[in-house]
Every structure is written in structure tokens, then in C-alpha cells.
Trainee: 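One structure follows; several queries about it will come next.
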Amino acid sequence: MTDTPRTLAEELRTRTDSGLVGLLRTRPDLLNPVPGDVTQLATRAGTRASVVRAVERLDRFVLQTAEALAVAPDPCPYGTLAALMAGDAGDAAVAAELPRAVAALRAQALVWGPDDRLRLVRTARELLTPSAAHPSPTGLGPTVAEATAGMSPGRLQEILAAAGLPTTHDPVSAVAALTALFSDRARMAALLDTAPAESVAVLDKLLWGPPYGGVTDRPAPHLQWLLDRGLLLPAGARNVVLPREAALHLRGGRAHHTPEPLPPALAPATERDPQLVDNAAASQAFTALATVEELLKEWDLGGPPVLRAGGLSVRDLKRTATALDTTEQLAAFWLELAYAAGLIASDGEADERYAATPSAEEWLQLPDHQRWAVLAAAWLPATRTPGVVGTADAKGRALAALGPHLDRSPAPEVRRRALTLLAGLPPGTSVPAAAVRARLRWERPLRGAGPGARAAAAPAGGTVPAAGADGAPAEDLRARLAQWALAEAELLGVTGRGALSAHGRALLGGEPEAADATAAETDAAAARAAALLAPLLPEPLDHVLLQADLTAVAPGPLRRPLAEALGVLADIESKGGATVYRFTPASVRRALDAGRSAAELQEFLGTHSRTPVPQPLAYLIDDVARRHGQLRIGAAAAYVRCDDDALLAEILADRRSAPLRLRRLAPTVLAAQTSPEQLLDGLRAMGYAPAAESAAGDVLIARADSYRTPPRTAPGPVPDGPPPPDRTLLEAAVRAIRAGDLAATAERKPVPAPAAAAGALPRTTSAETLATVQAAVLTHSALWIGYVNADGAASQRVIAPVRVEGGFVTAYDHTADEVRTYPLHRITGVAELADDAV
């Protein structure tokens, strides 16, 4: 092997183990399955799917560097690349950042070769090289040689003569002469000095792309001047193109209109007191807990039905938004957050509907900071994206909350990266969301939109992004993911006033860039964040202030048992820093239906109020309790039972009872042609206080937490490509690749034909195989063997035999880097290695 690698495989062999580990870490798709040797690794690294994935993860400047290499000569000296990136005038920032860009391309095996012979991987060149079907983001067109392919020799000589060049004897030299003219700055400037002003204006229009234009059968004189001198070359029946060399001269040697070596600044920055930011985030975190808790309470008796196609109907989403006193889009976020945390799910019954899960009961019993940790740990890696709810998918179908097709695999990466950018700012510092989006767009300009879509460039190198799953352009989707991530972080209390809080920083973990953090690592980081959040959350109160207007004021958050009991006894009238509860006959009846007596309610209020129980409230409780249960309703179709026949007569005489279709069966019993539930609601609407009873005549007690789904597992994130490999897997893969490469490239002693045929496994008789292996055991030497496993797959291996007995050979397998036992009858043949091969 020469000092200069001739192929990508040869260069990969020269890399250190840490270099290969870095390659496999940045391109984990190369590990599935683990390549058998370096040649397989290089082949896989050059496949279109793998290259597309790697190119999508380049930042804008590294991508611009790759695009410049695609339009540069192959191989390209570093100086030529630098001139393409910085232009004739030079650019200090480009010159400073270009080594980083080349190193990044080389580390990902997209570029190989020394600096004087840089080569872009063939597949990447095919993706990024400009063509008529896929214009380059550089806005450059084909070279003179490409544009003149198929042109008649006579026409080439006419172009040379018009350009003032001597004629040649063949097309190859003619193309070379025209290329040399366009690449020569002085001669090209002299030629353009003689051009009409209209001709120069045409070149200016095509300068930054697209480089194609249309002409008529009889071009205008200023166009004909350009056609005669090859400054415009034919590109079809009535199309022309500006050749690449001419465009580069007009651009001053620059491949890109605006190189972007440095990321956009996160500005303007607004600095605040970090403590104020933490307090604002904690306040929002507490609001988030209250909202999710209210959602669970709303669905305690069972939530809305599941659509046949899955998800929540628009009408039910509106009802949920009204119950939570928020917008439909925010309601979708709270629903998806609770769903991701495993707090709500479908019950799986025949008439499927949503409800709280058993995990919700456990979550409600946790301290506030731990409940927040559960929500945060579910939100950070989630791929379900509530922001797309209400939009249409690729088939024009509306996307429903809690429904299918809401997963967007880039969401966790965008979410974590947006928070990481905020973490890089001083504590308490915020920047506009537009600045964060601009930085993310620079870091992953192609993420989610393949090079094929990006190559469909608009004028001046603009792009037409690929469409996302919801019908929106993929680049636009990524920008919206960033917008949603920042808004959701504020809603959840990860950020406060646009700045990352202290517990938000802890949520990112020790390595904020680790978008591939495991679930255990995310949970551990959430627990650390919760510990920082705990002192900032308000301490729950154990009392309220009763008022004479049948209201109670909670001056702060209440302890859970008190809040649950008061939520049954009274209706929430207003929320905020202080919650106002309103006592009504219906709310008191609800508490009585739940099994509480009037005496218990009076004692409860007296115990938990810092003010005496007002007389109007005491009268209300006693009055409702006195009438509660006088009427008993059960299921026949439905009936009303009461010991007071005068009360039943009063009901029958009331016109409002007509829809219930009541008739007297006995002095103390009325029958109805409605269900018990409708009968209960109808009589309550008339001002009565009926109670439901069982078949045994006992009063049925209604409890708010009577319905839960079976145990459910929270939805897992949809992976964005292969799972990230850990260090153990990376090191084992590199060892296996090195060992396989040793087996494939080890120098062997000559073997008899036909085993000597290139690529063939060694072939020896059983006796020769046994004798050679036994000799190797005695001499402690290595052998090259052909082996066929139980599935019939043939492979070649380098082994060092240790023992031969019972028809098996035990040997150290250099390919697998471990001791293995092989049946002798599966060894096709053996051959000795050269003395210095291992």
C-alpha cells in the first residue's frame, strides 16, 4: 500500500480505533449489522441511504463545503476548495472555519484523501452535483465539457474563432481551450469588456442561479453575441445555460453567494434576575400540575369516546378546552402530555372511550415536585407533536388529538437542542424565538428534507423543501417544532419569561447535547430537576375562608384531601392566586350523593375554615339534606318511590314532569318511561333532591373516582433512525471490524489450485485439514480457514488452534476476537499464513 490511500477503505484502515468509533457514533446506521471488515464498512458508508442521512445532519457551512467540492475538480486540492469558498478577495472567517468543515466531512467518511487530493464520496457527489433536473444550491450549472458534450466539432471551432482563440484539430482540445479561457481571469475580463451592455445584463440575471434560460429560434443580437462565444451554451431545444467556469469568473471565484462560516448569533439577549426566572417557571409548573389534575378530574367518570380511526373528535376537544378554560390547541397539548406520561388512555372496551389510568391514581398521590418530574420526563423525549393537531396529513385527513400519525421523529432532537441553546446563555438570559429558530436552521439546514428536495433550488440558491407528513414543507416543520418546543417549555415551567430555569438546566442532564439520552438518564435528570423545583413551589394550605355569600376562598393551593373534598362540596367559580368556591344546592346534593351526611359536612367546614361557618351556608346544607333521599329512583324502566304520597302527587301535577311520562303504580310509587339517569336529572332540574337506589333498596353512593382503564403502558417515542450505540457496542464493533479486516487482508502462503483463485475459500481434504490443524497446535501458529456454519453461510477466518479432539478444534478466532470451537467437518480447507502476517 502506498502512502496516499487509493480508496476510502484504504484510508479507513489507517484511522485509529478512536477515529472509527467517532465515525460509527455519528453514523450509527453503519452498525446494522456490524460490518465484517473495513471494506464492507467503506462500501456501506458509500450507499445512497447512508450518505443521505449523513448529509442531512451537516451544518450549513459544512454542507456548503461539500457543495463546493461537488462542483470542484475531482480530486480537489485544498487551495482550490479555499478559493471556491472565500473567492478571489478572500474571507478571514471562511479561511478560519474551513479546516473544521473539511475535518467534519472527513470524520464522517464523506471526504477522503490528503489535503492535496480531497475526494468527495461518489454518492455524495452525485447528490450534490448540479444538473438540469436537480440544480445545485450553489446556483452553478454544468462545466464547459459537460455542456458541450454532443456538440458538433464544427460548431466548437466557430465558438473558438468568435472568442478569439486559435482553432484546434479535435473537440477535446477545443473544449480544453475554451475552459482555459473562461478560467483565466485576465483573458476573461478582456473578453467581457467587449460585450454589449445587454449581454452583460443577461449574464447578471443567470449569475447566482438558476443558470438556465430560454431563447427563441432567432435570438436577439445581444444573446447571439453570448451564444457565438460560448458564454451561453445549448441545454435543449430552446434552452441555454451559463457554463460553470464563466459563472465562477463573474462571481469572483465564489461557489456560494453568501458563505455562512459562523452560526447566527443568539441576539438580542435580555438579562433578568435568575431568581425571578426560577420563580416564574415554578409558578407555571404549578399551573401545569393543576391543569393536568383538572383534566383527570374531568374524566374521572370516563372520558369521551374514541373515534373509529383513533383519537378525539373535534367536538370533544372543544368540550375539553372549555372545561380546562383554554384554547383547543393548548388543550391538545395537555391531553398529549397526560397521554405521554401514561395518565390517560383508551379503556379497550367494545364502546371504547378515554379515561384515567391506574397510574393516574399513583401520580395524584405524589408530592408536587415529583408529579412535575413525571410530566417533564415524559415530555422531553416524546415524538408525539400536539402542534399538528387540526392540520391535514398527506392524504388530506385531519389529524386528531390522541390519534395516530402525530409522531414527528425529529421533535426530541429539536426540543433538546432548543433548550441546549438557552442553556448556553448566562442564567436568567432569554432571546427571541426567531433567533433560536435561525440557529437551528443553520445547524441542520437539510434535516427532514433530503438533498434531492434541497437540490430543487430556487433562484439565487434558494430551496424548495420537501413536504412533511402533515403536508407542510419539511424545513418549515422543523422551524415549527422549535417554536412549539419553546412554547411548551414555558407552559410546563421548564423556562420562565423565555429563559431557562435552574431546574430546566438540570432536566437536560450532565450532557445537554445528548439527544440520545436513555429513559433512565432522562428520569434521573428529571429527579434532579424536581429537587431544585421543590423549594420554589407554594406550600399547600389546610384551610379556607368561608364567606357569608355562600363562597369559600382558598388563599393558595390546598392539600389534596381538602381540595378533593371541597371540589365535591362546592363548584369552582374562579381561579388564580386565590381560588373561589361557590356552594349551591346542586353541589351540596353532590356531596350527599357521595355518602356524606349533613353533620359530616358541617364538621368538615368547621374544621378547615379559619372563619366560622356562615349561617346561610349551614341552612343550605341542612335544607338540602332534609329533602335529600325523600324520593328514591331505581330501575324498572325507572321508578320513583316516596313515603310521602302528597309529594308524588305534586310531581304528577307539575307540567315540567310531562317529558318524564310518569304514572302512579301505587300510593308511594311512580313509574317512568325513561332511564334512571334521565329521571334523576329531570327531577333535579325541577328542584327536587332524589337519590338513586340499588335493587336491594339501598342508596347508591356516587364517587368521582369510580372509573379507571386497565393498566396501560405509556406510548414510546418513535425512533429517528437506528438507536444510538453505547461505548461498549462501539468498541466491540471496532474490534470485530479490525479482526475481520485481518482475516480478509492477512498475507497467506501459496496454496494449491483451485484454492489459490482470487476470493475463493481454501480447499483441502479432511486428512490434510486435520494434519495442518494439529501441526498448528504444536507450533502455535495461525491458519486461514474456510468455514460453513449451520445455516450454510460461508466465511473465511483467521484462527490460532489451541486443541483438537473429538472432531472439534478449539481456537482463538481473530475475526471474532474470542475463543471458539469449530466442528472439523464444517471447515472447507486450511492454509498457512505468511510468517509475519499476524
Side-chain angles (χ1 to χ4, degrees), residues 1-58 62-63 65-66 69-70 72 74-76 78 81 101-129 450-451 721-722 724-725 729-748 758-760 784 793-798 814-817 837:
M1 182 183 297
T2 61
D3 294 335
T4 301
R6 296 167 297 177
T7 63
L8 175 60
E10 289 186 3
E11 176 167 290
L12 291 179
R13 286 192 181 94
T14 65
R15 293 194 182 188
T16 62
D17 287 354
S18 61
L20 290 181
V21 165
L23 169 62
L24 296 175
R25 179 181 289 111
T26 56
R27 298 178 64 178
D29 55 292
L30 302 180
L31 276 173
N32 188 23
V34 175
D37 53 42
V38 173
T39 301
Q40 288 186 20
L41 175 63
T43 301
R44 195 175 299 170
T47 58
R48 183 180 179 86
S50 181
V51 170
V52 166
R53 180 177 291 275
V55 170
E56 285 180 353
R57 295 183 177 274
L58 301 178
V62 176
L63 178 62
T65 303
L69 281 170
D74 186 30
C76 175
Y78 183 87
L81 174 62
V102 173
L105 292 171
R106 186 176 272 130
Q108 298 195 44
L110 295 174
V111 165
W112 60 278
D115 283 352
D116 60 341
R117 295 178 63 83
L118 294 173
R119 291 184 181 273
L120 192 64
V121 170
R122 179 178 56 83
T123 309
R125 178 173 288 275
E126 293 173 354
L127 288 171
L128 301 174
T129 298
L729 175 58
L730 290 171
E731 293 175 349
V734 170
R735 287 197 303 269
I737 292 172
R738 293 288 194 202
D741 207 47
L742 173 64
T745 60
E747 185 179 353
R748 301 152 187 136
W784 172 45
S795 62
Q796 55 182 336
R797 300 173 178 274
V798 174
H814 288 273
T815 307
D817 196 20

Trainee: Assess whether a salt bridge exists between D17 and R738, defined as any Lys/Arg side-chain N lying under 4.0 Å from an Asp/Glu carboxylate O.
Mentor: yes
Trainee: Could you pull out the closest heavy-atom pair between P5 and P114, with the gap in Å?
Mentor: CD-CD, 4.5 Å
Trainee: Decide whether T39 and R13 meet the rule of one side-chain donor and one side-chain acceptor closer than 3.5 Å.
Mentor: yes
Trainee: If we only count heavy atoms from C-beta on, is the T47 to T123 side-chain gap below 4.5 Å?
Mentor: no
Trainee: Check whether any side-chain heavy atom of L69 sits under 4.5 Å from a side-chain heavy atom of L105, and report yes or no.
Mentor: yes
Trainee: Could you measure the distance from the OG1 atom of T43 to the CG atom of L30? Nearest 0.5 Å is fine.
Mentor: 11.0 Å
Trainee: Report yes if some heavy atom in the side chain of L24 is under 4.5 Å from a heavy atom in the side chain of P725; otherwise report no.
Mentor: no
Trainee: Are any of the side-chain heavy atoms of R25 and L31 separated by less than 4.5 Å?
Mentor: no
Trainee: Less than 3.5 Å apart, any donor N or O on the side chain of R117 or T4 sitting next to an acceptor on the other?
Mentor: no
Trainee: Atom CD in Q108, atom OG1 in T26: separation rounded to 0.5 Å?
Mentor: 4.5 Å
Trainee: Please report the C-alpha distance between I737 and Q40 in whole Å, then the side-chain angles of each, then the deciding distance to 0.1 Å, and finally whether the side chain to side chain contact (heavy atoms under 4.5 Å, CB included) criterion is met.
Mentor: CA-CA 9 Å; I737 292 172; Q40 288 186 20; over 6 Å; no
Trainee: Does any non-hydrogen side-chain atom of R27 lie less than 4.5 Å from one of R57?
Mentor: no
Trainee: Show your working on side chain to side chain contact (heavy atoms under 4.5 Å, CB included) between D74 and L120 and close with a plain yes or no.
Mentor: CA-CA 8 Å; D74 186 30; L120 192 64; 5.9 Å; no
Trainee: Starting at CZ of R122, measure out to CD of E126 and round the result to the nearest 0.5 Å.
Mentor: 5.0 Å
Trainee: Working note: R119 + L8, criterion side chain to side chain contact (heavy atoms under 4.5 Å, CB included); need CA distance, chi angles, decisive distance, verdict.
Mentor: CA-CA 9 Å; R119 291 184 181 273; L8 175 60; over 6 Å; no
Trainee: Find the distance between CZ (R15) and CH2 (W112) and round it off to the nearest 0.5 Å.
Mentor: 12.0 Å
Trainee: Look up atom CD in E56 and atom CG in L58, then write down how far apart they are to the nearest 0.5 Å.
Mentor: 9.5 Å
Trainee: Would you name the heavy atoms of R106 and L118 that are closest together and state the gap between them?
Mentor: NH2-CD2, 3.0 Å
Trainee: Could you tell me if the side chain of T65 sits less than 4.5 Å from the side chain of V111, heavy atoms only?
Mentor: no
Trainee: Of the non-hydrogen atoms in L23 and A109, which two are nearest, and what is the gap between them?
Mentor: CD1-CB, 3.8 Å
Trainee: Shortest non-hydrogen contact from A45 to V51?
Mentor: O-CG2, 3.3 Å
Trainee: Could you tell me if the side chain of D116 sits less than 4.5 Å from the side chain of Y78, heavy atoms only?
Mentor: no
Trainee: On a heavy-atom basis, which atom in L128 and which in A66 lie closest, and how many Å separate them?
Mentor: CD1-CB, 3.8 Å
Trainee: Do the non-hydrogen side-chain atoms of L12 and T7 ever get within less than 4.5 Å of each other?
Mentor: no
Trainee: Could you give the distance from SG (C76) to CG (D115), rounded to the nearest 0.5 Å?
Mentor: 10.5 Å
